[in-house]
**Student:** 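Below: one structure in structure tokens.
Below, read A as the first sequence line, B as the second, and so on, with proteins coming before strands; counting in each chain starts at 1.
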2 protein chains.
Amino acid sequence: MLAMHCARVCSVLMGCRTTTRALSIRSFPGVTLAQIDEEVAKLLELKAHLGGDDGKHQFVLKTAKGTRDYNPKQMAIREKVFNTIVSCFKRHGAETIDTPVFELKETLTGKYGEDSKLIYDLKDQGGELLSLRYDLTVPFARYLAMNKITNIKRYHIAKVYRRDNPAMTRGRYREFYQCDFDIAGQYDAMIPDAECLKIVHEILSELDLGDFRIKVNDRRILDGMFAVCGVPDNMFRTICSTVDKLDKLPWEAVKNEMVNEKGLSEEAADQIGVYVGMQGGMDLAERLLQDQKMCQSTQACAGLTDIKLLFSYLQLFQVTDKVVFDLSLARGLDYYTGIIYEAILTQAGVAPVAPETSNEAPTEECVTVGSVAGGGRYDGLVGMFDPKGRKVPCVGVSIGIERIFSIMEQKAEASTEKIRTTEVQVMVAAAQKNLLEERLRLITELWNAGIKAELMYKKSPKLLSQLQHCEESGIPLVAILGEQELKNGVVKLRNVATRDEVDISRADLIAEIKKRTSA
Amino acid sequence: MLAMHCARVCSVLMGCRTTTRALSIRSFPGVTLAQIDEEVAKLLELKAHLGGDDGKHQFVLKTAKGTRDYNPKQMAIREKVFNTIVSCFKRHGAETIDTPVFELKETLTGKYGEDSKLIYDLKDQGGELLSLRYDLTVPFARYLAMNKITNIKRYHIAKVYRRDNPAMTRGRYREFYQCDFDIAGQYDAMIPDAECLKIVHEILSELDLGDFRIKVNDRRILDGMFAVCGVPDNMFRTICSTVDKLDKLPWEAVKNEMVNEKGLSEEAADQIGVYVGMQGGMDLAERLLQDQKMCQSTQACAGLTDIKLLFSYLQLFQVTDKVVFDLSLARGLDYYTGIIYEAILTQAGVAPVAPETSNEAPTEECVTVGSVAGGGRYDGLVGMFDPKGRKVPCVGVSIGIERIFSIMEQKAEASTEKIRTTEVQVMVAAAQKNLLEERLRLITELWNAGIKAELMYKKSPKLLSQLQHCEESGIPLVAILGEQELKNGVVKLRNVATRDEVDISRADLIAEIKKRTSA
């Protein structure tokens with residue numbers, strides 16, 4: 001049966017290919033989608049057989065490539081980081097939404113430029129063609145268009161999926177969290193944009209990850225710069241992608257790509273080289289507004305004027321100490337239309353990033369852990385989903401949480417402080433054998449009073465092993481029951497750290513535990 | 001170009017099928033996996049072209065079938081429900097873990113019986129074959145085996161995926177949350193099992209969803225019952241699946257399936273019919289232990305003895321008011337080995353479930369919203385992943401959160417109480433034009449002091465529209481700046497509900513806001 005079926009499928013792959021070349025689809029009115037599905041299923045089954053060629057199937061116990069489990073300690077760290085981030089988003093008045101992990105494939109089509117090849121597709125099992133979300137921004141835009149929402153300030157924390165080359169020691173995974181904050185709506189220039197930068201500043205300061213810098217630029221300045229430097233219109237996007245590599249490659253390598261791979265004139269490349277070396281603050285924006293060449297582009301002027309306005313708001317927000325206007329910042333995604341920004345940790349010593357190529361000299365920039373937050377303005381994305389093309393201007397920021405986890409994990413490992421993975425306040429223990437029923441009765445009282453309590457799942461556990469469990473998992477109190485305590489209507493309450501023990505009457509126990517554990 | 005390519009692919013589907021029947025895979029040493037991939041890609045491309053036959057592609061703005069977005073109001077409800085559940089899990093001393101949304105396909109193979117067809121597979125884009133997780137239990141077992149963990153009490157709240165027929169009004173989706181609590185480890189009988197039921201009782205009570213009942217049974221009792229009723233060994237699983245339908249179908253329909261579809265003798269079916277009509281508590285377990293027929297099965301006796309022990313612990317946990325020993329409870333999944341349970345809401349009037357077939361009389365059971373929690377003991381699952389087959393006994397419970405959301409949403413809609421979707425404490429407003437800078441300065445002070453604050457993103461918003469926004473979104477306070485206030489070094493603090501206004505000095509403002517909003 002299998003052999004016959006395989007033979008049928010194999011015939012597909014062998015001699016028949018070249019027979020009927022000139023026919024079009026219309027010539028096969030009898031070919032149905034179901035028939036194609038059937039053939040596809042057979043081919044894939046054949047593939048599975050070829051893959052397990054030796055007959056012995058070795059079961060591999062692992063997670064999918066580029067993904068990981070989080071153990072309880074990692075989850076404790078993750079919860080702490082999320083709490084900091086969510087508190088900040090809530091402090092700025094954001095609501096939250098959630099969208100499905102997969103979208104119709106066509107929802108994601110045409111949004112990510114060259115990166116589209118990294119999208120995970122679901123298997124065609126009949127029905128709609130689906131893909132795993134690549135970021136939270138496109139689903140957000142789809143959500144706004146679908147529900148005709150023109151004003152919202154929302155955050156969204158969820159996993160996204162990219163079939164990228166994983167570099168897990170540096171916190172780069174195929175499944176990873178994004179923490180996004182976005183403001184949608186038609187507002188006065190640069191006010192929401194400035195708030196996004198304020199948020200990045202607050203979060204990175206509170207997480208205490210060491211010094212950081214937030215680079216700011218504007219897509220309109222980049223495009224204007226390309227125009228005045230003599231880049232042909234149709235090369236803006238690809239030259240922009242090359243400029244984006246400046247955070248990893250030295251200028252010589254970037255110029256080489258522009259000229260030798262992408263065919264830009266050397267003169268144009270050199271002119272770009274002058275601009276992308278510029279960094280500063282409001283002063284740089286003012287200087288460039290006076291720049292003879294830059295002035296020729298109205299686009300660039302609009303961008304520079306907005307950068308000036310942005311910096312004036314950032315001053316009021318007290319965050320200019322970390323923000324730098326950097327003409328080399330490009331960012332890869334297609335959908336940005338205005339301000340763009342990216343935050344990097346600048347403190348050496350924490351998870352240094354090795355240079356991508358080995359022949360470059362290590363520079364100061366190489367000892368950063370790379371980008372930990374990024375975002376920008378995307379005024380056209382929602383319009384791509386609206387049947388009438390109605391635009392909803394948006395600006396947002398995404399916190400690159402996985403790199404932050406990596407750093408926090410390393411810090412936690414280096415520290416002597418023990419991370420608790422539970423919040424148990426008291427262990428209900430027995431001093432003698434056969435007190436299970438009494439322990440169950442007592443723990444019921446505690447649970448019903450809202451106290452976090454645990455007991456060992458044995459009829460007669462040893463007192464020592466009960467106490468040991470408390471020390472290992474950081475439980476601060478033990479409520480010990482023994483024959484004597486039961487007779488006297490008391491519980492021996494033991495402080496695990498100091499080993500002090502006092503008898504507490506059953507009636508007072510709950511209040512006493514609450515008192516002792518209210519930190 | 002396209003026509004030529006299509007013709008090549010079409011040739012595959014037409015005449016060539018029947019040519020070389022007797023050949024085996026080995027006869028085609030030249031067929032590579034890459035060639036198969038290529039053919040598959042072409043066939044699917046052809047399918048896409050056939051699908052969009054009329055040439056006009058209509059972009060559809062929707063979420064994938066069986067999935068939904070959560071808007072801010074729904075998220076507020078979801079957060080509340082999750083908080084209740086997580087608090088309970090933490091009160092019982094659970095840690096938390098997380099696993100990737102997809103697993104190697106083979107990790108899920110052979111775990112779900114007939115339901116395996118509902119698993120979502122990812123497209124083969126080169127590399128590993130992956131599937132979306134179907135539940136959290138199998139990934140948990142894989143995690144334990146992979147990390148050689150023999151003891152853990154963990155909860156996991158995450159989305160799972162089933163290509164089921166969605167029934168969204170009843171809270172049945174293709175993407176839905178599971179909230180799982182499991183205890184793994186070799187412990188004394190029924191102590192962790194009883195704690196799982198205590199947890200279900202606590203959560204359903206706290207969520208205040210109306211009256212509920214928790215049905216309990218044991219796989220060993222079912223198997224023993226099948227044996228003594230004369231069901232052949234190889235029919236246990238399929239007859240068990242039929243018994244599982246008793247919560248939706250009357251006995252006559254179930255018997256009909258057993259006898260006429262599955263070929264069980266009418267005599268055996270009738271004997272099963274007597275048992276599955278039995279409900280009770282510890283007394284029923286005791287009676288069945290005396291039952292002449294049941295006694296013949298050592299398996300059934302072991303199960304009944306454990307049910308007795310379980311009820312004795314449940315009495316100490318004060319939850320027997322809701323728990324019923326019900327011999328008709330079967331549960332579909334293959335991996336259960338001992339105690340099984342399921343919680344249903346029994347209160348009529350909330351989201352009643354229509355009978356699946358129309359020709360049955362409505363019974364009392366029909367006005368439930370179906371199962372809202374379920375679980376059981378699965379002592380063999382971890383061993384399926386361990387290279388040496390080492391077993392880790394497990395018992396757990398899964399809260400069916402989507403149905404609970406549906407009910408909470410309906411309740412919220414019926415209620416007059418407004419759900420807030422943000423936590424903003426104060427709006428920073430201007431009484432006159434051109435005070436943006438002053439507003440930015442003040443809101444920076446508030447944010448830096450940890451106060452949740454908002455402002456309108458306009459240079460000169462109208463005071464009325466600022467106040468209106470507060471009323472709509474439930475912001476309790478407004479800090480109003482005007483020329484006079486600035487001159488006097490004060491802020492006018494307005495209570496939105498009462499419309500009271502008082503001048504507060506800038507130095508006292510933060511303390512005053514904190515005092516007024518600490519509920």
**Student:** Report the option among A/Glu79, A/Glu195, A/Gln315 that has the most heavy-atom pairs separated by less than 4.5 Å from atoms of chain B.
**Tutor:**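 It is A/Glu195.
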
**Student:** Is it the side chain or the backbone of A/Leu436 that comes within 4.5 Å of chain B heavy atoms, both, or neither?
**Tutor:**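 Side chain only.
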
**Student:** Which one wins on heavy-atom pair count under 4.5 Å against chain B: A/Thr421, A/Leu446, A/Asp386, A/Asp188?
**Tutor:**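 Counting heavy-atom pairs under 4.5 Å, the top option is A/Asp188.
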
**Student:** In terms of heavy-atom proximity below 4.5 Å to chain B, should A/Arg78 be classed as side chain, backbone, both, or neither?
**Tutor:**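 Contact with chain B involves the side chain of A/Arg78 alone.
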
**Student:** Which answer fits A/Leu132, side chain, backbone, both or neither, if we ask what part of it has an atom under 4.5 Å from a heavy atom of chain B?
**Tutor:**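 A/Leu132 touches chain B through side-chain heavy atoms alone.
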
**Student:** Could you grab the distance from atom CG of B/Leu440 to atom CD of A/Gln318, nearest 0.5 Å is fine?
**Tutor:**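 Result: 11.0 Å between the selected atoms.
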
**Student:** So which part of B/Ala94 gets closer than 4.5 Å to some heavy atom of chain A, the side chain, the backbone, both or neither?
**Tutor:**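 When you check distances to chain A, only backbone atoms of B/Ala94 fall under 4.5 Å.
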
**Student:** Minimum heavy-atom separation for A/Lys452 and B/Lys90, please, with both atom names.
**Tutor:**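 Heavy atoms only, the tightest pair is CG-O, 3.8 Å.
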
**Student:** Checking A/Arg163 against chain B: side chain, backbone, both or neither under 4.5 Å from a heavy atom?
**Tutor:**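 Only the side chain of A/Arg163 comes within 4.5 Å of chain B.
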
**Student:** Measuring heavy-atom distances to chain B, does A/Glu202 have an atom under 4.5 Å in its side chain, in its backbone, in both, or in neither?
**Tutor:**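 Interface part for A/Glu202: side chain.
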
**Student:** Mind checking the CG-CZ spacing from B/Leu61 to A/Arg142? Nearest 0.5 Å is all I need.
**Tutor:**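 Result: 7.5 Å between the selected atoms.
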
**Student:** When only pairs under 4.5 Å are counted, which of A/Gln74, A/Arg68, A/Glu95 shares the most heavy-atom pairs with chain B?
**Tutor:**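 Between A/Gln74, A/Arg68, A/Glu95, the count favours A/Glu95.
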
**Student:** I'd like to know which of A/Thr99, A/Asp121, A/Asn71, A/Leu104 tops the heavy-atom pair count under 4.5 Å against chain B.
**Tutor:**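 Top option by heavy-atom pairs under 4.5 Å: A/Asp121.
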
**Student:** So, for B/Val424 and A/Gly93, which heavy atoms are closest and what is the spacing to 0.1 Å?
**Tutor:**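 Scanning both residues, the minimum pair turns out to be CG2-CA, 3.3 Å.
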
**Student:** For A/Gln425, is it the side chain, the backbone, both or neither that has a heavy atom under 4.5 Å from a heavy atom of chain B?
**Tutor:**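 Neither part.
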
**Student:** May I ask you to name which of B/Tyr457, B/Tyr143, B/Tyr187 has the most heavy-atom pairs under 4.5 Å with chain A?
**Tutor:**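 Of the candidates given, the most pairs with chain A belong to B/Tyr457.
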
**Student:** To the nearest 0.5 angstrom, please state how far the OG1 atom of B/Thr67 sits from the CD atom of A/Glu103.
**Tutor:**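 Here the interatomic distance stands at 7.5 Å.
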
**Student:** Is A/Glu445 in contact with chain B via its backbone, its side chain, both, or neither, using a 4.5 Å heavy-atom distance?
**Tutor:**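 No part of A/Glu445 comes within 4.5 Å of chain B.
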
**Student:** How long is the gap from CZ on A/Phe89 to OG1 on B/Thr422, to the nearest 0.5 Å?
**Tutor:**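 Reported to 0.5 Å precision, the distance equals 15.0 Å.
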
**Student:** If you take all heavy atoms of B/Lys159 and A/Pro100, which pair is closest and at what distance?
**Tutor:**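 Scanning both residues, the minimum pair turns out to be NZ-CA, 4.3 Å.
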
**Student:** Report the distance from atom OH of B/Tyr313 to atom OG1 of A/Thr444, rounding to the nearest 0.5 Å.
**Tutor:**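 Interatomic distance, B/Tyr313 OH to A/Thr444 OG1, rounded to 0.5 Å: 12.5 Å.
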
**Student:** Below 4.5 Å, heavy-atom pairs only: which of A/Asn448, A/Ile443, A/Ile152 has the largest tally toward chain B?
**Tutor:**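 Top count of heavy-atom pairs under 4.5 Å with chain B: A/Asn448.
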
**Student:** Between A/Phe140 and chain B, which part of the residue has a heavy atom less than 4.5 Å away: side chain, backbone, both or neither?
**Tutor:**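 Neither part.
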
**Student:** Using a strict threshold of under 4.0 Å (side-chain N to carboxylate O), is an ion pair present between B/Lys65 and A/Glu128?
**Tutor:**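 Salt bridge absent between A/Glu128 and B/Lys65.
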
**Student:** Considering non-hydrogen atoms only, spot the tightest contact between A/Met146 and B/Asp69 and give its length.
**Tutor:**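 Scanning both residues completely, I find the closest heavy atoms to be CE-OD2, 4.1 Å.
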
**Student:** Using non-hydrogen atoms only, which part of A/Gln186 is less than 4.5 Å away from chain B: side chain, backbone, both, or neither?
**Tutor:**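 Contact with chain B involves the backbone of A/Gln186 alone.
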
**Student:** Is atom CD of A/Glu437 surrounded by more than 12 heavy atoms (other residues, nucleotides or ligands) closer than 6.0 Å?
**Tutor:**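 For A/Glu437, atom CD is not crowded (no more than 12 foreign heavy atoms under 6.0 Å).
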
**Student:** Which residue, A/Lys153, A/His92, A/Arg91, forms the side-chain hydrogen bond (donor to acceptor under 3.5 Å, both in side chains) with B/Glu454?
**Tutor:**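 Only one option passes, and that is A/Lys153.
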
**Student:** Looking at B/Lys198, B/Met190, B/Arg174, B/Arg154, which one has more heavy-atom pairs under 4.5 Å with chain A than the rest?
**Tutor:**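 So the answer, after comparing B/Lys198, B/Met190, B/Arg174, B/Arg154, is B/Lys198.
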
**Student:** Out of A/Thr107, A/Ile183, A/Asn147, return the one with the most heavy atom pairs under 4.5 angstrom to chain B.
**Tutor:**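 The residue among A/Thr107, A/Ile183, A/Asn147 with the greatest pair count is A/Ile183.
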
**Student:** What part of B/Tyr173 lies closer than 4.5 angstrom to a heavy atom of chain A: side chain, backbone, both or neither?
**Tutor:**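 Answer is neither: B/Tyr173 stays 4.5 Å or more from chain A.
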
**Student:** Does any backbone or side-chain atom of A/Ile119 lie under 4.5 Å from a heavy atom of chain B? Answer side chain, backbone, both or neither.
**Tutor:**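 For A/Ile119, the backbone is the part near chain B, not the side chain.
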
**Student:** Report which part of A/Ile475 has an atom under 4.5 Å of a heavy atom belonging to chain B: side chain, backbone, both, or neither.
**Tutor:**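 The answer is neither part of A/Ile475.
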
**Student:** In terms of heavy-atom proximity below 4.5 Å to chain A, should B/Val101 be classed as side chain, backbone, both, or neither?
**Tutor:**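 Both the backbone and the side chain of B/Val101 come within 4.5 Å of chain A.
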
**Student:** For the atom pair CG (B/Asp98) and OH (A/Tyr70), what is the distance rounded to the nearest 0.5 Å?
**Tutor:**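 Going from the CG atom of B/Asp98 to the OH atom of A/Tyr70 covers 7.0 Å.
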
**Student:** Identify which part of B/Glu423 has an atom lying under 4.5 Å from any heavy atom of chain A, answering side chain, backbone, both or neither.
**Tutor:**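 Contact with chain A involves the side chain of B/Glu423 alone.
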
**Student:** Which atoms of B/Lys62 are under 4.5 Å from chain A, going by heavy atoms: the side chain, the backbone, both sets, or neither?
**Tutor:**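 Backbone plus side chain of B/Lys62, per the 4.5 Å heavy-atom cut-off to chain A.
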
